[in-house]
Amino acid sequence: MDLGEIRKELDAIDEQIVALYEERMEVCRKVAEYKIQTGKQVLDKEREEAKVKQVTSLASSHFNKQGVEELFLQIMSMSRKLQYQLLNSHGIGEKLPFVPLEALDTKDASIVFPGAEGAYSQAAMAEYFGNHTNNFHVDTFREAMIAISEKRADYAVLPIENSTAGIVSEIYDLLVEFKNYIVGEQIIKIEHCLLGVKGSKIEDIETVYSHPQSLMQSARFLNEHKEWKQISMKNNAFAAMKVAEEQDKTKAAIASAYAGTVNGLTVLKQGVNQSSTNSTRFIIVTNKNIFTKDAGKISVCFEIPHESGSLYRALSHFIYNHLNLTKIESRPIEGRNWEYRFFLDFEGNLLDSGVQNALMGLAAETIDLKVLGNY
């Protein structure tokens, strides 16, 4: 036989496989209808384990046993997804406690941001809400989360990710801890400037204040002035505030131009950080479980069983429902060594049927699924 004849054999076998698969899925549809009537859960682990054991025993070699196991795990996964789809179409399953809105109510809203006046988070707030807002600042991310939880503020503006430094891990942990939800995001370009008091010049500077990360990001510029003393501050806004308070021409801060404007400082040199593409993504958080009807991104988190294939099975719900996964992160679970919680961003709206199908499947097959927001 030549290769063409062999391929014809494979084509004939594949046609049978497809026909049998469709026949099996039709029977699975009947199973779903039975479960709809009786309220029986879609996932039956004991039944699936017994089925895998049965079909693998029919295989003639160890290699084929592994292949049959993988094949039937996939077939049963597709069966569950079909059943979730049918359940959702019948309005069965846990409804997400989120209220759709035409737009966020920001009129007369109170907004909290972490850091001092002039912080990048304040700049993000001004970009998202406008310059004329009722706002106040706190020292820490946790204090901002508490402020909206206690309804002392309607919204909080928090940094969640930097394009060069990566995620702000504390924010991820706080999103799990608090019953607060993401309703928007704002990306701010990070451009550090050398700020001094009015009348000062670069030649006057002897001491520079900034956050350690900003000093590191500006290392190339600072190496040109090795005689300058570098002093770390807890954030750039406080550095700018210190220089403004002391009114000393020999002292400067590395911070944003926005911080300079707020504190009445002069930009001695713009763009002292190495990267021209450095940006930070901020999230807008509230304690209300709301979303806008035109929202296009969803963030969720969940835990999974500590067993082979569990993450793959969870992610398959996105594939089946044609959802584009844009980000995945993991964080250690406190008090449980080597176990992790996964955070995912994907495109979609909570009103979409594909999103509802995927979330129904994830809720059934993961642990502690939480929708962090649709924005």
Side-chain angles (χ1 to χ4, degrees), residues 94-101 103-104 113-114 121 124-125 128 141-142 144-145 148-149 154-163 165-188 279-304 311 314-334 340-375:
E94 186 177 347
K95 297 300 179 184
L96 293 168
F98 282 83
V99 179
L101 303 174
L104 295 178
F113 64 91
S121 53
M125 178 196 69
Y128 190 87
F141 301 148
R142 174 174 288 276
M145 280 294 212
I148 53 174
S149 293
D154 299 300
Y155 301 99
V157 181
L158 298 164
I160 194 168
E161 179 184 14
N162 179 266
S163 58
I167 67 168
V168 183
S169 56
E170 184 183 350
I171 300 298
Y172 280 82
D173 296 339
L174 290 171
L175 285 169
V176 174
E177 180 181 346
F178 288 85
K179 289 184 178 180
N180 296 328
Y181 305 95
I182 307 170
V183 290
E185 68 177 355
Q186 181 66 52
I187 296 174
I188 293 289
S279 298
T280 294
R281 181 164 69 97
F282 291 83
I283 52 174
I284 315 302
V285 184
T286 184
N287 73 327
K288 299 174 184 175
N289 48 344
I290 55 177
F291 68 102
T292 57
K293 292 179 180 179
D294 63 350
K297 181 192 286 188
I298 299 172
S299 294
V300 301
C301 68
F302 56 76
E303 301 169 35
I304 51 176
L311 180 58
L315 296 181
S316 68
H317 289 284
F318 296 97
I319 301 169
Y320 180 80
N321 289 289
H322 308 290
L323 300 174
N324 184 30
L325 188 66
T326 58
K327 188 176 184 62
I328 181 168
E329 297 283 350
S330 63
R331 291 284 300 141
I333 300 174
E334 187 176 355
Y340 299 87
R341 180 177 290 108
F342 292 88
F343 294 82
L344 287 77
D345 292 348
F346 62 97
E347 294 175 357
N349 187 281
L350 292 175
L351 296 175
D352 300 340
S353 59
V355 169
Q356 293 170 2
N357 294 340
L359 292 176
M360 181 181 288
L362 283 169
E365 298 180 23
T366 62
I367 303 165
D368 293 334
L369 173 71
K370 180 181 180 182
V371 177
L372 301 173
N374 189 188
Y375 50 100

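Annotation for His317 and Gly361: closest pair CE1-CA, 3.5 Å, computed over non-hydrogen atoms. Among all heavy-atom pairs drawn from Asn287 and Ser149, the shortest one is ND2-O, 4.1 Å. Across all their heavy atoms, Pro159 and Pro114 have their closest contact at CD-CG, 4.4 Å. Here the shortest heavy-atom pairing between Pro100 and Lys293 reads CB-CG, 4.0 Å. Pairing each heavy atom of Tyr375 with each of Gly184, the nearest pair is CB-N, 3.4 Å.
Checked against salt bridge (Lys or Arg N to Asp or Glu O under 4.0 Å), Glu177 has the following partners two or more places apart in sequence or in another chain: Arg142. Partners of Phe98 under the ring pair (Phe, Tyr, Trp, His ring centres under 6.0 Å) rule, at least two apart in sequence or in another chain, are Tyr181. The salt bridge (Lys or Arg N to Asp or Glu O under 4.0 Å) check on Glu365 picks up Arg80, with sequence neighbours excluded. Applying the side-chain hydrogen bond (donor to acceptor under 3.5 Å, both in side chains) criterion to Asp352, with sequence neighbours excluded, gives no partner residue. Residues forming a side chain to side chain contact (heavy atoms under 4.5 Å, CB included) with Glu329 (at least two apart in sequence, or on another chain): Ile167, Tyr172, Lys327, Phe343. Remark: Phe282 engages no residue in a ring pair (Phe, Tyr, Trp, His ring centres under 6.0 Å) (not counting sequence neighbours). Every residue two or more places apart in sequence or in another chain that forms a side chain to side chain contact (heavy atoms under 4.5 Å, CB included) with Ala144 is listed here: Val112, Val138, Ala156, Leu158. Applying the side chain to side chain contact (heavy atoms under 4.5 Å, CB included) test to Thr286 and every residue at least two apart in sequence or in another chain returns Tyr155, Val183, Lys288, Ile290. For Gln356, the side chain to side chain contact (heavy atoms under 4.5 Å, CB included) partners two or more places apart in sequence, or in a different chain, are Asn88. Residues satisfying the salt bridge (Lys or Arg N to Asp or Glu O under 4.0 Å) criterion with Arg281, sequence neighbours excluded, are Glu161, Glu185, Asp345. Shown here are the side-chain hydrogen bond (donor to acceptor under 3.5 Å, both in side chains) partners of Ser316, two or more places apart in sequence or in another chain: Lys81. Every residue two or more places apart in sequence or in another chain that forms a ring pair (Phe, Tyr, Trp, His ring centres under 6.0 Å) with Phe318 is listed here: Phe346.
In this structure a side-chain-to-backbone donor-acceptor pair under 3.5 Å is present from Ser163 to Ser279. Without hydrogens or angle criteria, Asn374 side chain to Gly348 main chain gives a donor-acceptor distance under 3.5 Å.
Here the straight-line distance linking atom CZ of Phe141 with atom CG of Leu175 works out to 11.5 Å at 0.5 Å rounding. Rounded to the nearest 0.5 Å, atoms CG (Asp173) and CD1 (Ile333) are 10.5 Å apart. To the nearest 0.5 Å, atom CZ of residue Phe302 and atom CG of residue Asp368 are 12.0 Å apart. Rounding to the nearest 0.5 Å places CD1 of Ile304 at 4.5 Å from CG of Leu311. Note that CD1 of Ile182 and CD1 of Ile298 are 11.5 Å apart. Values are rounded to the nearest 0.5 Å. To the nearest 0.5 Å, atoms CE (Met360) and CG (Leu369) are separated by 12.0 Å.
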Intermediate values then yes/no, side chain to side chain contact (heavy atoms under 4.5 Å, CB included), Asn289 and Leu96: CA-CA 9 Å; Asn289 48 344; Leu96 293 168; over 6 Å; no
Please lay out, stage by stage, how Asn357 and Tyr320 fare under the test side chain to side chain contact (heavy atoms under 4.5 Å, CB included). CA-CA 9 Å; Asn357 294 340; Tyr320 180 80; 6.0 Å; no
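In this structure, Ile284 and Tyr128 have side chains that are in contact, with non-hydrogen atoms separated by less than 4.5 Å. Taking 4.5 Å as the limit, some side-chain heavy atom of Leu372 sits within range of a side-chain heavy atom of Cys301. Within the 4.5 Å cutoff, no side-chain heavy atoms of Lys370 are placed close to those of Val176. In this structure the side chain of Leu350 reaches within 4.5 angstrom of the side chain of Leu359, judged on heavy atoms. Side-chain contact between Gln186 and Val157: absent, with no pair of heavy atoms (C-beta onward) separated by less than 4.5 Å. With contacts defined as side-chain heavy-atom distances shorter than 4.5 Å, the pair Val355/Asn349 does not qualify.
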